[in-house]
Amino acid sequence: MPMKILCCDPGKLSGLSILDLENNKVEILETAELEQYSTCEWIIDRFDSVDKVVCEDFIISPRTGKMKTADTRFSLEIIGFIRYLCLKNKKPLILQTPAHMKSFFANWSLRDFGLWSIGGEGHKRDSIRHGVVYLLGNNKWNPQDVEASKGDYANLKEHLSASQARL
């Protein structure tokens, strides 16, 4: 079943991407790195065309509590904005911790999945990583057929399970 996912790495400079899954192939339709107002406009302009949203979560902890308030505020506000849109439009919102995504991608690269995006400061690639972790972790995608990949997919589920177990 085809599925379009809006992926977000929220922050002062947010990473955004739209992934299209169809016939077990994932394609990047669009990516961006934008400041807060432009992030909200970008999401609104594309929201009706997506089926679900995957977003990095921001958990307030002793460590994050010591971060600059101005920097953390942007992430929390964008997550709240996305949550509102999803609730209002009855679209699923999947929140993932940064640690979950980074733990899995310690052993894998977007290049392994044929999903590298050039340019920017890396935030749009983080949004793509969140989408990949969601698709793989929920058995929505089997990347065995990725022609550009050099990944060892025999151990893929093992790596994903191990990264989830470490959290």
Side-chain angles (χ1 to χ4, degrees), residues 1-60 64 70-102 104-105 108-149 160 164:
M1 170 184 266
M3 176 180 11
K4 285 193 174 94
I5 305 170
L6 189 152
C7 308
C8 182
D9 174 42
K12 189 171 183 179
L13 185 65
S14 293
L16 301 156
S17 59
I18 296 185
L19 302 180
D20 184 27
L21 172 66
E22 189 167 358
N23 298 323
N24 199 44
K25 293 188 188 312
V26 176
E27 179 183 355
I28 301 169
L29 298 181
E30 193 173 357
T31 62
E33 287 184 0
L34 302 168
E35 293 185 5
Q36 188 176 37
Y37 178 82
S38 297
T39 292
C40 295
E41 290 293 312
W42 192 93
I43 291 169
I44 288 170
D45 290 347
R46 290 147 183 87
F47 198 78
D48 288 341
S49 71
V50 301
D51 302 301
K52 58 184 62 181
V53 179
V54 175
C55 184
E56 180 174 291
D57 201 358
F58 188 93
I59 313 275
I60 298 172
T64 58
D71 293 345
T72 59
R73 182 184 74 230
F74 290 105
S75 296
L76 293 170
E77 289 172 350
I78 290 170
I79 293 167
F81 170 76
I82 291 170
R83 183 183 302 276
Y84 166 77
L85 283 178
C86 287
L87 288 169
K88 182 179 178 197
N89 294 283
K90 297 181 173 89
K91 290 196 184 190
L93 171 62
I94 297 94
L95 294 170
Q96 296 179 155
T97 65
H100 182 185
M101 180 268 294
K102 289 176 181 172
F104 175 74
F105 272 98
W108 295 86
S109 163
L110 288 176
R111 286 186 177 101
D112 288 327
F113 300 102
L115 294 171
W116 185 257
S117 176
I118 60 170
E121 295 182 21
H123 301 289
K124 64 184 174 180
R125 286 185 290 279
D126 282 345
S127 75
I128 296 167
R129 286 180 184 100
H130 276 291
V132 169
V133 168
Y134 166 75
L135 290 170
L136 295 173
N138 290 279
N139 296 313
K140 305 283 185 192
W141 180 41
N142 178 356
Q144 297 275 10
D145 299 331
V146 176
E147 292 173 19
S149 172
L160 188 59
Q164 290 173 329

Q) With distance as the sole test, does Asp20 use its side chain to make a donor-acceptor pair with the main-chain N or O of Glu27 at under 3.5 Å? A) no

Q: Would you please test Gln96 and His130 for side-chain hydrogen bond (donor to acceptor under 3.5 Å, both in side chains) and show each step?
A: CA-CA 7 Å; Gln96 296 179 155; His130 276 291; 2.9 Å; yes

Q. Rounded to the nearest 0.5 Å, what separation is found between the OG1 atom of Thr39 and the CD atom of Glu33?
A. 9.5 Å

(Q) So, taking the atom named CG in Leu85 and the one named CG in Leu93, what distance separates them when rounded to the nearest 0.5 Å? (A) 10.0 Å

**Q.** Heavy-atom closest pair, residues Pro10 and Ser75
**A.** O-OG, 3.1 Å

**Q.** Sequence-distant partners of Gln36, side-chain contact (heavy atoms from CB on, under 4.5 Å), two or more places apart
**A.** Phe74, Glu77, Ile78

Q: Could you grab the distance from atom CG of Leu110 to atom CD1 of Ile28, nearest 0.5 Å is fine?
A: 7.0 Å

Q: Please check if the side chain of Asp51 supplies one atom and the backbone of Lys4 the other of a donor-acceptor pair under 3.5 Å.
A: yes

Q. So how far is it from Asp45 CG to Cys40 SG, rounded to the nearest 0.5 Å?
A. 11.0 Å

Q) Quick one: does Ser38's side chain have a donor or acceptor within less than 3.5 Å of a partner on Glu35's backbone? A) no

Q: Applying side chain to side chain contact (heavy atoms under 4.5 Å, CB included), run through Leu34 and Ser14 and close with a yes or a no.
A: CA-CA 5 Å; Leu34 302 168; Ser14 293; 5.7 Å; no

(Q) Is there a side chain to side chain contact (heavy atoms under 4.5 Å, CB included) between Leu135 and Met3? Walk through the geometry before answering. (A) CA-CA 10 Å; Leu135 290 170; Met3 176 180 11; 4.2 Å; yes

Q.
Minimum heavy-atom separation for Asn138 and Tyr134, please, with both atom names.
A. ND2-O, 2.9 Å

Q: Could you list the residues that satisfy side-chain contact (heavy atoms from CB on, under 4.5 Å) with Asp126, not counting sequence neighbours?
A: Asp9, Met101, Arg129

Q: Mind listing the closest non-hydrogen atom pair of Lys124 and Ser117 along with its distance?
A: CE-OG, 3.5 Å

Q.
Let me confirm one number: the CD1-CG distance from Ile94 to Asp57, rounded to the nearest 0.5 Å.
A. 12.0 Å

Q | Spacing of NZ belonging to Lys140 relative to CE belonging to Met1, to within rounding of 0.5 Å | A | 9.0 Å

Q.
What I'd like to find out is whether the side chain of Pro98 reaches to under 4.5 Å of the side chain of Phe58, using heavy atoms alone.
A. no

Q: Evaluate whether atom CG of Leu87 has more than 12 neighbouring non-hydrogen atoms of other residues, nucleotides or ligands under 6.0 angstrom away.
A: yes

Q: Could you give me the CA-CA distance, side-chain angles and deciding distance for Val50 and Ile18, then say whether side chain to side chain contact (heavy atoms under 4.5 Å, CB included) is met?
A: CA-CA 8 Å; Val50 301; Ile18 296 185; 4.2 Å; yes

Q. Where do Ile79 and Glu56 come nearest, in terms of heavy atoms and distance?
A. CD1-O, 3.4 Å

Q) Is the count of non-hydrogen atoms from other residues, nucleotides or ligands lying under 6.0 Å from Lys91 atom NZ greater than 12? A) yes

Q. Counting only heavy atoms not in Glu22, do more than 12 sit closer than 6.0 Å to its CD atom?
A. yes

Q: Please name all residues satisfying side-chain contact (heavy atoms from CB on, under 4.5 Å) with Tyr84, sequence neighbours left out, ordered by chain then number.
A: Lys88

**Q.** Non-hydrogen atoms of Cys7 and Ser127 that approach each other most closely
**A.** CB-O, 3.1 Å

Q. Is there a side-chain contact between Val133 and Trp108 (heavy atoms, below 4.5 Å)?
A. no

Q: Flag the pair Ile5 / Leu21 as yes when at least one side-chain heavy-atom distance between them is below 4.5 Å, and no otherwise.
A: no

Q) Going through the checks in order, is the side chain to side chain contact (heavy atoms under 4.5 Å, CB included) test met by Leu29 and Leu19? A) CA-CA 6 Å; Leu29 298 181; Leu19 302 180; over 6 Å; no

Q | Expected output: side-chain Arg125 to main-chain Leu115 donor-acceptor under 3.5 Å | A | no

Q. Do the rings of Phe113 and Phe105 sit parallel, tilted or perpendicular, given the 30° and 60° boundaries?
A. perpendicular

Q: Indicate the atoms forming the closest heavy-atom contact of Leu95 with Arg83, along with that distance.
A: CD1-NH2, 3.2 Å

